[in-house]
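Below is one structure, written out as structure tokens; the observations come after it.
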Amino acid sequence: MTLRAPSAGAGAGRNWALLALLALASLAMAAPLLWTLLLSLKSNGDLLRSTRSAFSPPYTLQNYSDILGHSAVFGWLLNSTIVSLAVTLGVLALSSLAGYGFARLRFPGRAVLFIVLLFGLAIPEQSVIIARHQMFSALNLHNTYRGLILPGLAAPFGVFLMTQYFRATPRELEEAATLDGASRFKIFWRILLPLSLPAQATLGIFTFLSTWNDYWWPLISATDSDMYTLTVGVASSQMNFAQTNGLGYLMAQAVFASAPILIVYVIFQRYIVAGVSRAAT
Amino acid sequence: MRRCGTTAGGGVGNLALRGVSKRFGSTVVLDDVSLEIGADEFLVVLGPSGCGKSTLLRAIAGLETIDAGEIEIDGARVDHLPPGKRGVAMVFQGYALYPHMTVRGNIAFGLKNIGTERAEIDRRIAAVARMLEIEHLLQRLPAELSGGQRQRVAIGRAIVKDPKVFMFDEPLSNLDAALRSRTRQEIANLHRRIRKAMIFVTHDQTEAMTLADRIVVMNQQRIEQVGTPLQVYREPATIFVATFIGSPAMNILPVTRAAGSGTLQWVRLADGTQIETTASEASLPGQGALRLGLRPESVRLCGLGDGQTKALVDFVEFLGDKTHVLLSLAGGDRLVALDGASCPVHAGESVGVLFDRAATHLFDAEGRNRGLTG
Amino acid sequence: MDSCEQTAAPSTRRTWAASKSEARSGLLFVAPYLIVFAVLLIYPLFSGIWLSLHKADLFGGSQFIGAQNYARLFRDPVFLTAVSNTLYFVLLTVPPLTLIGLGLALALNNRSRWSALLRGLFFSSSVLSVTIVTLIWRMVLIPDGGLIANLLTSIGRSPVAFLSDAHLALPAIAFTTIWWCIGLPMMLFLAALQQVPRDLYEAARLDNAGRWRMLASITLPSIRHTALVVVVIELILQFQLFGQAQIMTLGGPNNASLPMVLFIYQVGFQRWDIGYAAAASEILFGMILIAAMTQYFAARGRESR
């Protein structure tokens, strides 16, 4: 113990250095968020004189009530909600069905198809987006919900996740259900699907987040401002950023637009952590 | 009583396997298995890991297809039927309770699948719950139950379907020792009450000996012997059965043929000791090595001068009610003797050894017991 | 269960209807997804490669020109700038993301309330969309009244126009990106740290190992696999830099912050030179594959030695 005491002292010294580093990083992380919040609470007039006024009162909620009064934001919000929910539900349905098929049913070509899916995981969006855009033009799918939803259903990640999950559920349960006279679909519907709820939640939240935040595809597909998603809408409103005289309004819009996804994040936080853990190990 | 009596096939409500074989790729997992089980018989399939006993059970249940042979229940072929239509129920090793359903939901699932009416389902669940004393658990989820309670629910789920054959796949292996022996008695009681055919798979000889009307001993994908617990213990058909059943295991010593006196064959141990066996000279093969089987309880210790031979005590294991004495003979053979609690010998001593003639077994080169009559 | 049955089971187990009925329902279960997969991913992948061999425009006019698009790309100074910008950006982001992510995970891998709060803070930016992140950071970086400009003037320095300076634009975008993306590497490393068996540390303490010793000889070797995962994921992500550059600088000034994906977007969706854009996207695809594979096999090789 006497031997260890000095090194513990040095460790405590290093601790302070580490803590200082951590505090600095936290500050760098939080400062832009707080800055945005402060700006959103200032009147546009104050900010036009000097943004430095953001550090001192008076603060106002005027920008937020302006958004509530008349804003395209609600339309974008609705579009984002419809598209994200539809993609999420679609991915859950397709992935669960296919995951069960790949994990538990034997059919010709199963192994080869699964390897093709694994390769599919490696295809980045930009290598298909041009041809996909051409295809959707030909099918008149641009500026429609279908056009925004369909590409989100193609990613093989969900199938991969659900296959792994179903493979890990005990086979005995399905055998017991078989002996109980349940059909194959009934085993899927009444036994495996309820058991996979944690995985469904993880997959669902990741799909929802990535669809909600998707930028490139909605940018080129939804060119009518009526069909903008929130992400594209917020981008369009900051295009004339340098000339804007509604700085506070713009920042309030940023806060307002982040609110839904932050709420979703807080509610489903533990499924995000669970999903990341599964990916890491 | 019914121990041997009801084993013959042909009656209503029995199960028959004829020449059942199964392979996974090039690996044989069941090799020409034939078996008949009476309508109210408790059959235990006993064997070491990998012997094919679980596969046998799963083949009867329909969870595995078979490549050859027939399975009949109640005189009707079932080997082409799906598991749910065979009239069998199974209690799995891990119980396989549906974790998201209540106990009631678990028990009702099978009945709902065959379209049983609600009132009938309620009535049957009530009866089963009363019988197994799980009425207070019906609204709970499996995760909220103890191991023993889960076991009862798994049994309840089987009983409620009123199957022709009950199957148990090592159902006690997940329980602790005390609960295991209590559950064993409960299963025996259950069988006494509902009197249905039960097939119980285990690798534990105590379970087999205590529960079975008949024991099927399996090894290397084949049946070695079928018989009552007494038969497989007293008259093991093969050297495998002889050594697998009984603890400590039967001593097996290489012997050579000595004088034959009509019905009784004498053999000679490596140290020259001659021992009388129950095998007749005529029953023995002309050629090949012979091995002598001696249960530890039929090897007795005595004073140095009084024995058939003498041995050196290597080791003494005092177990309380009994003592294992590990001996080595002059010829290099080693064997175990089972002695009374107050065995006075110590490691390093020399003792006299007596062999109980009536309890000797003589095995031929193929491992078959040549001392059995009939 | 019997051991031989367990080992034989996964590959060859047959149930009562291993036959046609199982195959039929198996195909039924996977068919809906496979159709979507084939139509929306596989077809566009190959049709993109096919497109890259054509001179194609918005109006469907298309003419096979072989590898000419590719030849043109290698002579196009703007494209070559975009390639080097992309590589520079990857270099600016991937190592810091990995190292800072690891550092944060090590610092926050405990049960205290503060750590939980900070983990939430560092991950929170990851759930924001790129357009909100850029909006926030433009207001931080802008020389006229931005957060950094305010800080600089308050200590008597003059503001810096990060986004219109050819040398600072890409690093500024990189910094923004690190701020935005740091949550995922941190969480991946945290998850991996949770998996390191506690008794290893206890054994090391009995062997008088100090804090750095334990870090070097237990923690880091145990999370090597995760480090590889993080690097590969971030490589793939950061090669595809698009939104930040498109919104914050439009690739400027003078293409100093033009990444490959923005080049593809401008060529394909603003100049409608679709075949040319497709060719550029195939080259990017190839670069990502090579980078990820190199990392993967390099790590493999090191592990096997």
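The structure presented is a predicted model; accordingly, all values stated were derived computationally and were not measured.
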Original post:
When rounded to the nearest 0.5 angstrom, what distance separates CZ in C:F242 from CD in A:E125?
Top reply: 9.5 Å
Subject >> Part of A:F102 within contact of chain C (heavy atom distance under 4.5 Å) >> reply: both
**OP:** Mind checking the CG-CH2 spacing from A:L19 to C:W114? Nearest 0.5 Å is all I need.
**Re:** 11.0 Å
Subject >> Part of A:A155 lying under 4.5 Å from any heavy atom of chain C >> reply: backbone
Subject >> C:I247 versus A:A235, closest heavy-atom pair with distance >> reply: CD1-CB, 4.1 Å
Original post:
Counting only N and O atoms by type, is there a donor-acceptor contact under 3.5 Å from the side chain of C:Y33 to the main-chain atoms of A:A154?
Top reply: yes
Original post:
Taking all non-hydrogen atoms of both residues, which atom of C:W137 and which atom of A:P32 are closest, and how far apart?
Top reply: CZ2-CG, 3.6 Å
**OP:** For chain C, find which of A:I261, A:T36, A:L153, A:I220 contributes the most heavy-atom pairs closer than 4.5 angstrom.
**Re:** A:I220
**OP:** Would you mind checking which part of A:L209 comes under 4.5 Å of any heavy atom in chain C, side chain (CB onward), backbone (N, CA, C, O), both or neither?
**Re:** side chain
**OP:** Could you check which of C:V127, C:L28, C:I49, C:L41 has the highest count of heavy-atom pairs closer than 4.5 Å to chain A?
**Re:** C:V127
Subject >> A:P156, part contacting chain C, at a heavy-atom distance under 4.5 Å >> reply: both
**OP:** Would you confirm whether C:W179, through its side chain, and A:M29, through its main-chain N or O, come within 3.5 Å as a donor-acceptor pair?
**Re:** yes
**OP:** Measure A:L21 against the heavy atoms of chain C and call it side chain, backbone, both or neither at under 4.5 Å.
**Re:** neither
Subject >> Contacting moiety of C:S154, where chain A heavy atoms sit under 4.5 Å >> reply: both
Subject >> Contact class of C:L45 relative to chain A, heavy atoms under 4.5 angstrom >> reply: both
Original post:
Non-hydrogen atoms of chain A under 4.5 Å away: do they reach the side chain of C:I223, the backbone, both or neither?
Top reply: neither
**OP:** For residues C:L104 and A:L22, report the shortest heavy-atom separation together with the two atoms involved.
**Re:** CD2-CD1, 3.8 Å
**OP:** Working to the nearest 0.5 Å, report the span between CG of A:L262 and CD1 of C:I132.
**Re:** 8.0 Å
Original post:
For A:R184 and C:S21, which heavy atoms make the closest approach, and how far apart are they?
Top reply: NH1-OG, 3.2 Å
Subject >> chain A contact via C:V39 - side chain, backbone, both or neither, heavy atoms under 4.5 Å >> reply: both
Subject >> A:F188 ring center near C:F29 ring center (under 6.0 Å) >> reply: yes
Original post:
Heavy-atom distance under 4.5 Å to chain A: side chain of C:L51, backbone, both or neither?
Top reply: side chain
**OP:** Counting only heavy atoms closer than 4.5 Å, note whether A:L150 contacts chain C via side chain, backbone, both or neither.
**Re:** both
**OP:** Pick one of side chain, backbone, both or neither for A:S258, based on which atoms fall under 4.5 Å of a heavy atom in chain C.
**Re:** both
Original post:
What option among C:Y265, C:F46, C:W50 has the most heavy-atom pairs under 4.5 Å with chain A?
Top reply: C:Y265
**OP:** Look at C:L27, C:V130, C:I100 and state which one has the largest set of heavy-atom pairs under 4.5 Å with chain A.
**Re:** C:L27
Original post:
When rounded to the nearest 0.5 angstrom, what is the spacing between OG in C:S124 and OH in A:Y265?
Top reply: 6.5 Å
**OP:** For residues A:S127 and C:E282, report the shortest heavy-atom separation together with the two atoms involved.
**Re:** O-OE2, 3.8 Å
Original post:
Sequence neighbours excluded, which residues qualify as side-chain hydrogen bond (donor to acceptor under 3.5 Å, both in side chains) partners of A:S137?
Top reply: A:H142
Subject >> Proximal component of A:A28, with respect to chain C [non-hydrogen, under 4.5 Å] >> reply: backbone
**OP:** Would you check if A:P124 and C:L284 make a side-chain contact, meaning some heavy-atom pair closer than 4.5 Å?
**Re:** no
Subject >> Exercise: identify the closest heavy-atom pair between A:A131 and C:P44 >> reply: CB-O, 3.3 Å
**OP:** Return yes if some donor-acceptor pair links the side-chain N/O of C:E22 with the main-chain N/O of A:L105 below 3.5 Å, else return no.
**Re:** no
Original post:
Where does C:L34 contact chain A at under 4.5 Å (heavy atoms): side chain, backbone, both or neither?
Top reply: side chain
Subject >> C:I182 portion near chain A, given a 4.5 angstrom heavy-atom threshold >> reply: side chain
Original post:
When you measure from the side chain of C:T131 to the backbone N and O of A:V232, does any donor-acceptor pair fall under 3.5 Å?
Top reply: no
Original post:
Which bit of C:I288 comes within less than 4.5 Å of chain A, counting heavy atoms only: side chain, backbone, both or neither?
Top reply: side chain
Subject >> Interchain contact, A:V116 with chain C, by part (heavy-atom threshold 4.5 Å) >> reply: both
**OP:** Identify which part of C:F269 has an atom lying under 4.5 Å from any heavy atom of chain A, answering side chain, backbone, both or neither.
**Re:** side chain
Original post:
Relative to chain C, which segment of A:R167 carries a heavy atom at a distance below 4.5 Å: side chain, backbone, both, or neither?
Top reply: neither
Subject >> Proximity breakdown for A:W216 and chain C, heavy-atom pairs closer than 4.5 Å >> reply: both
